[in-house]
Amino acid sequence: MTPENTSLSTRVPDRLPSRSGERGRAGVYVHFPFCLAKCPYCDFVSYAATKPTEIDHAGYADAVLRELDARAPLVTAPEVETVFFGGGTPSLWEPAQLGRVLHGIRGAFATSDRLEVTVECNPTSLDEDRARALADVGVNRVSIGVQSLDDDRLRHLGRLHDAEGGRAAVRGALRAGLRRVSADLIFGLPRQGAEAARAEARELAGLGLDHLSCYQLTIEPGTRFGELAKRGRLPLADEGDVADSFLAVDEGLREAGFRHYEVSNFARPGEEARHNLGYWRGHEYLGLGCAAVGFVRRSGEGSRAGVRYRNNVAPDRFVAATRDARPTPPGPGDGISESSEDLDAAALLRERIMLGLRIEDGIDIEAAARSLDTPGWTAERERAAAQLEGRGRIVREDGRVRIPAPAWLWADDTAARLL
């Protein structure tokens, strides 16, 4: 199946959450680096603890709160509207300790009345009681790593849960009163096929979810799958089958009432992940915790310059470093960061284009350029856009540039041509 032969809708959504006042918004990302087992495809910083009691839950919360005290003054936005606990497996963190961190964040910033608080969860550490405990400390959204509803595929992915465990975790979260429940699904697995991918997505949607993240299985260097692939010992799906699966999932979820609002994300109208939307739109995000990445703007320079930093990736070194944390510009000299990168206006515009084109309603390049006080539609960018438009890879209307849904199969290449 080719994109040109599909009948998928390319209609721009009636409305995604407002883009107005973006310079005044920020998110907070908290990284919890522990999990029960390292999945063979995972390239995130995580460390396996065979049981939750091996983790110093309170000690890690103390370290994150010390970092918060040092980092909070760096945020230039007057309001935080989202908090996201990622990992690792944050659902392993004792809810009381996670709640302490959330309470500290609320105390450090002015927060939106609609503060979105998301926790990533695995089915092995999420049941109805755990979900209710998370809700009790202020969590109002969970993202569950179901990944598949087929036991053989889950074993291939190295997951600790089975298909029924994934279903049970979703049902438990909903019974606990967490209205906003999302699940992750991986497609593009060997011998899966497009119809099987579509059926899994539709079944997950039918459990009562309002959001689904559907990812192609990618083989990253440095992972166990990466090593097996390098030696030719990992079965891989045919690229054409993967493309067909992408389109089948798209079609199936649209028919179920979901909006394909970002390359890998689907939501019922109004239930988009606001934290991720902030990232794709260039908002500030404070990164807290071992290996966390953050982006803050340079004080006094509005949105025209910023710095991205990454914290120490070793939990013990991160915790020790926070004992001497001080509110200095992000970078190795602050005692917590492992690295940092200064981003000028031109670099920020390139990032806005790359990330903005992942969203269904795209990006107004000229408006973004004006906010950054840097050239937008250069002659070179205009030529590239004309070529892409002629090939059906982009649509330009009302000042915005977007990628029609079938052409998302080439989104990375399309964005690269406009940078």
Side-chain angles (χ1 to χ4, degrees), residues 26-39 41-72 74-75 80 82-105 108 117-122 124-125 134 137 139 143 145 220 222-223 275 279 284-296 307-341:
V28 176
Y29 173 81
V30 182
H31 192 74
F32 184 80
F34 307 106
C35 55
L36 293 181
K38 183 78 171 180
C39 295
Y41 56 85
C42 176
D43 69 337
F44 294 111
V45 175
S46 60
Y47 301 91
T50 56
K51 48 188 178 181
T53 54
E54 294 180 4
I55 303 166
D56 183 358
H57 296 261
Y60 189 72
D62 289 340
V64 172
L65 288 168
R66 289 193 294 267
E67 183 189 7
L68 173 65
D69 287 342
R71 299 272 199 213
L74 303 174
V75 177
V80 163
T82 64
V83 181
F84 193 101
F85 291 87
T89 308
S91 52
L92 286 175
W93 207 352
E94 291 177 0
Q97 300 304 324
L98 184 150
R100 284 178 57 217
V101 172
L102 179 56
H103 180 76
I105 292 169
V117 182
T118 303
V119 173
E120 287 187 333
C121 304
N122 274 343
T124 48
S125 53
L134 290 171
V137 299
V139 175
S143 177
E220 303 288 353
T223 64
H275 184 85
Y279 170 70
E284 282 184 288
Y285 55 96
L286 187 69
L288 301 173
C290 165
V293 174
F295 164 71
V296 292
V307 58
R308 180 184 295 108
Y309 63 89
R310 187 184 196 191
N311 284 347
N312 198 298
V313 301
D316 290 347
R317 289 203 296 271
F318 163 77
V319 169
T322 62
R323 296 192 176 100
D324 298 315
R326 52 197 180 280
T328 58
D334 66 11
I336 305 173
S337 303
E338 179 181 80
S339 61
S340 64
E341 175 188 11

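The distance from the OG1 atom of Thr82 to the CD1 atom of Ile105 is 10.0 Å, given to the nearest 0.5 Å. Taken to the nearest 0.5 Å, the CD1 atom of Ile336 stands 15.0 Å off from the CZ atom of Arg310. Taking CD of Gln97 as the start and NE2 of His57 as the end, the distance is 8.5 Å to the nearest 0.5 Å. Here Phe318 contributes atom CZ and Arg66 contributes atom CZ; the two are 8.0 Å apart, rounded to the nearest 0.5 Å. For the atom pair OG1 (Thr89) and CZ (Phe44), the distance works out to 11.5 Å, reported to the nearest 0.5 Å. Here the straight-line distance linking atom OG1 of Thr328 with atom CZ of Arg71 works out to 7.5 Å at 0.5 Å rounding.
Leu92 and Ser125 make their closest contact through CD2-CB, 3.7 Å (heavy atoms, listed as atom of the first residue, atom of the second, distance). Of all heavy-atom pairs spanning Val64 and Gly289, the tightest one is CG2-CA, 4.2 Å. Shown here for Val75 and Ala26, the closest heavy-atom pair between the two residues is CG1-CB, 4.0 Å. Scanning both residues, Gly331 and Ser337, for their nearest heavy atoms gives O-CB, 3.3 Å. Residue Ser46 comes nearest to Cys42 through the heavy atom pair OG-SG, 4.3 Å, listed as atom of the first residue, atom of the second, then distance. Residues Ala49 and Ile55 approach most closely at CB-CG1, 4.0 Å, considering heavy atoms.
Ring-centre distance between Tyr285 and Tyr279: below the 6.0 Å cut-off.
The salt bridge (charged side-chain N to carboxylate O under 4.0 Å, His left out) search around Glu341 returns Arg308, not counting sequence neighbours. For Glu120, there are no side chain to side chain donor-acceptor pair (under 3.5 Å) partners, not counting sequence neighbours.
A donor-acceptor pair under 3.5 Å is absent between the side-chain atoms of Tyr29 and the main chain of His275, judged by distance alone.
Side-chain atoms of Leu134 and Cys121, non-hydrogen and from C-beta on, do get closer than 4.5 Å to each other. Residues Val319 and Tyr60 are in side-chain contact: their nearest non-hydrogen atoms beyond the backbone lie under 4.5 Å apart. Side-chain contact between Val30 and Phe32 is absent, with no heavy atoms from C-beta onward closer than 4.5 Å. Between Val293 and His31, every side-chain heavy-atom pair lies at or beyond the 4.5 Å cut-off. Between Leu74 and Pro330 the shortest side-chain heavy-atom distance falls below 4.5 Å. With a 4.5 Å cut-off on side-chain heavy atoms, Val101 and Leu288 do not count as touching. Residues Asn311 and Glu67 form a side-chain contact, since some pair of their non-hydrogen atoms from C-beta on lies under 4.5 Å apart.
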Legend entry - Audit row: Val28, Leu68, side-chain contact (heavy atoms from CB on, under 4.5 Å) steps and yes/no: CA-CA 10 Å; Val28 176; Leu68 173 65; 5.8 Å; no
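Taking a 6.0 Å sphere around OH of Tyr47, one finds it holds more than 12 heavy atoms contributed by other residues, nucleotides or ligands.
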